[in-house]
Trainee: 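What follows is a single structure, and I will ask about it in a moment.
Order of the sequence lines fixes the chain letters, A, B, ..., with proteins taken first and strands second; residue numbering starts at 1 for each chain.
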Amino acid sequence: MSHLLNDAKGNVVRDAPWIFRTYAGHSSPRASNALYRANLERGQTGLSIAFDLPTQCGYSSDAPIALPEVGKVGVPINSLDDLHVLFEGIPLERMNTSMTINGTAMWLLALYVALARERGVPEAQLRGTTQNDIVKEYLARGTYIFPPEHSLRLVAETYEYCVDRIPEWNPSNVCSYHLQEAGAQPVQEVAFALANAIGILDLIQQRGRIDQAAVARCVGRLSFFVNAGIRFVEEMCKMRAFAELWDEITRERYAVTDPKLRLFRYGVQVNSLGLTEAQPENNAWRILLETLGVTLSRKARCRALQLPTWNEAMSLPRPWDQQWSLRLQQILAFETDLLDYPDLFEGSPVVASKTAEIADGARAEVARILAMGGVRAAIDSGYMKGALVKSMAERMTRIGSGAQVVVGVNKWTDALPSPLVGGDDGGVFKADDSAVADALRGLEETRHRRDPDRVRNALAALTAAARSGDGMMEPSIECALARVTTGEWADTLRSVFGEYRAQTGVAGQRLELDETRAARLRVRIEAFAAARGHRPRLVVGKPGLDGHSNGAEVIAVAARHAGFDVVYSGIRLTPEEIAHSAVEEDADLIGASILSGSHVELTRQLVKALAAAGGADIPLVVGGIIPKGDIAALEALGVRKVFTPSDYELGEVMERMMDVIEGRPG
Amino acid sequence: MSQDGEPAIATLIDAARSGDKRAIARLITRFEDDRPEAAAVRRDALARLDAAAALGIGRVVGITGAPGVGKSTLVGAVANRIIAADPAQRVAVVAVDPSSPLTGGALLGDRTRVRFPHDEPRLYFRSQASAAELGGVARATHQACRVLVRLFTTVIVETVGVGQGEVEVVRLADRTFLVLQPHGGDHVQFMKAGIMEVPDAFVVSKGDLDPAASATYHTLSASLRLAAPGAGDRPIFRTSALTGAGIDELAAAVAAAPAGGLDRRAPYFFERWVATEHGRAGLRRLATLAPTTATYLATHGGLDGAQQAFAAS
């Protein structure tokens, strides 16, 4: 029957489900290994490894800037010894492993290859993905290390290495995910991701290190990592548009004839941006609906899916929360009849028209970016960053005005208390504080046991390759085998390539604050200036390694718009640097943005640093993903006001900051 | 403590002279204050600063250029090099960014690119909003420099300039460097605006982009001879903050700029203040009160006293 799914011989079949993953990793290699094995036993079919920020930014766990972040948002990997522990009892040859790693992607891939070599697993059998999408790090996520040209060379070299040796590895995974989290609309999400993919493939082609057939295979290995929001019909059409355009680009721009190499292959993590701290149980429904957008249409179904958890706006997830999300995937794949049918939407004029609308818009936007000189030029000029900041501001304005309904936030806010947050742990995850000690001990042991001559030679070979333009993958694998540490690998390349300091992306942006409110605030600020002889000076900065700069930038732009003099200190600062900025700038207020889960530790260090720098009296406010249960701890440290994702109304945030500056009770 | 919770000036000055950055920062805020009553505070503060054992008066060096030419990175590298080369040097940086003419607010982002070691007592960095003033140099910049030259040996003022700004910073600084980037085409714009005559020296930045930097260097030296024949050979530095090339030479040139000239330029800043506060009528009145602005200042105890006296006259 035509409504059933048939194989080539005409037998009725059922589709195999997508790969079920959970983005996971925390505390230590040992603890994360236990978590992965438990998840696999519960029916998860692939691994998605979350690394901690020091590993992502190329620091060993004992670097001063790394210490507060060790094991917080993922697992710390200092050397090959850690990777051995992480994969203990997990067969590499049968695993599909996805690593969310970017600035240090080549290093983690080298470690994975080295692990396979020491275990006697043929490299060619490895399957999985290194995220390795550096462009979106510059745009939205912040874990870049080197200037763009050098970072892109690292990306290109991983393709050149994998194409023959690890043919089933996806060397990079172009992420539109973070673009949507940063505010991108569907057309922007599709266009920016495609422009980004074109940037990588053009570069590989220009470098000319591999032949045309190999370039075509690189095209076939380039995968995408996409976000799915709550408007699931539009999201489904977005995925169909993505697939159509990718087929077009691979055929026309790269002359790939094999249709298999032109397939649009993508994994998904559904949207976290729209998850709310208020009435958090509602997020379970949101996650379900977002899942539909990327599974309903067979033609545009994801290859792998990982779901956030209902409490993600409050904290990092607990194992139970992750299990609950995994069960959703299993019910959809195995209880429902979804996988029995061919595409449900072929021939729907609504879907066809909506898909065409997104595809046309994205095609035009890709052309615009290419005309500017491609994705590199669009990073340098701040064009893409600016567009994202603007979209995010518009979104906040729509939510603020009620034009965009968010249940429990700007509508139906009255609700019974949620029993889900009533447990002893308040429904949130507490990282294991012994993680740092474990990581440091492991690092110490590795340094003690290794052969220093082999380490020195391996690093010298890496330096030589980096300087000469030779491939850095093999020297990196030798570094891995020699037990070079993550910090040493990255420092070696830093010394050759330098470090990148990003444009802030905030200049020239104007925020659609509620104008009446902004005007009232300006009057208040002028009055302050008349009374004190200067405008209120606000120092905004992000302590620690977390690079999600959107929150800090939105606050900085809104505060300027309200009339503050804002000193934006940027990302990846130590608490001492922020304290020092505040002291030198004679700040009236410090605003620290922390999304890494290390808010208590970083705040404690910031308060201490302020006292040491003679600025103990400068008031401090903190914003970020901060569980309600931690607010009292922050206030006890002296924080004057804590802002959480429920404080989405910018005018309100600005007024509360003025209250603190003027010394009114919060 | 005074009534508004701020420490007394004498306390601030003692602390600032011992290198307390919070005290230095607070002093600058008091100097930036443009309310009339602030003049008395400044006069008192300067008298106390000058009465204390003389630290000497430092040099003011302007670094200017179009947005994006790499000024901040360059300033960071130069300041670090100056203190590394000479233990007697203390360097302060004032970085001026524009204020929004619509809201009055400003976003000051230079700290993201200039990174000083936070525990280095011989370096100080301050961001400043240009307020509503044209020229890229705020009135407050001059006031901040008056404090800083008494506490630091070298004060670097970094301004965004695309024309008028260069002229203003030259009024403020003992030496001014104009930064140009390869392929910028800036020098053509500056030539048109008649700005090329103004700076004392040039810097071609981003020298790692060779050979574009070489091309810019040669075009520049050729066009300089055309722009200001007979003006003497003004040096052109080539630098790369990435590789460190040329930073030593530029740092040496900055550190060799003449010091101590800021107070001599007080009459200009007084006239500018009169024009802002009292307009042309004010300037005409000033001309009737003394034969020269310098004499007026001398009679009334310097810039701050003159402001008090003029406001009262």
Trainee: What's the separation between atom CD in B:E32 and atom CG in A:D565, rounded to the nearest 0.5 Å?
Mentor: 9.0 Å
Trainee: Rounded to the nearest 0.5 Å, what's the gap from CZ on B:F116 to CD on A:E577? Could you check?
Mentor: 12.5 Å
Trainee: Does A:T463 have any side chain to side chain contact (heavy atoms under 4.5 Å, CB included) partners at least two apart in sequence or in another chain, and if so, which?
Mentor: A:R467, A:T492, A:V496
Trainee: Only pairs of heavy atoms separated by less than 4.5 Å count here; which of A:T574, A:I618, A:I525 has the most with chain B?
Mentor: A:I618
Trainee: So which of A:G563, A:A531, A:G533 has the biggest tally of heavy-atom pairs under 4.5 Å with chain B?
Mentor: A:G533
Trainee: Where on B:L27 is there a heavy atom nearer than 4.5 Å to chain A: the side chain, the backbone, both, or neither?
Mentor: neither
Trainee: Would you say the side-chain atoms of B:S100 pair up with the backbone N or O of A:H561, donor to acceptor, closer than 3.5 Å?
Mentor: no
Trainee: How close do A:V583 and B:K21 get, counting heavy atoms only, and between which atoms?
Mentor: CG1-C, 4.0 Å
Trainee: Could you report the tightest heavy-atom contact between A:S569 and B:R111, atom names first, then the distance?
Mentor: OG-CD, 4.3 Å
Trainee: Would you call B:R22 and A:D617 a salt bridge, taking side-chain N to carboxylate O under 4.0 Å as the test?
Mentor: yes
Trainee: Return the set of residues passing side-chain hydrogen bond (donor to acceptor under 3.5 Å, both in side chains) with A:H534 (not counting sequence neighbours), or none when no residue passes.
Mentor: A:D588
Trainee: Using the side-chain contact (heavy atoms from CB on, under 4.5 Å) rule, take B:R126 and A:D586 through it: C-alpha gap first, then chi angles, then the decisive distance, then the call.
Mentor: CA-CA 9 Å; B:R126 176 80 165 209; A:D586 196 14; 3.5 Å; yes
Trainee: Measure A:R537 against the heavy atoms of chain B and call it side chain, backbone, both or neither at under 4.5 Å.
Mentor: side chain
Trainee: Checking heavy atoms, do the side chain of A:A530, its backbone, both or neither come under 4.5 Å from chain B?
Mentor: backbone
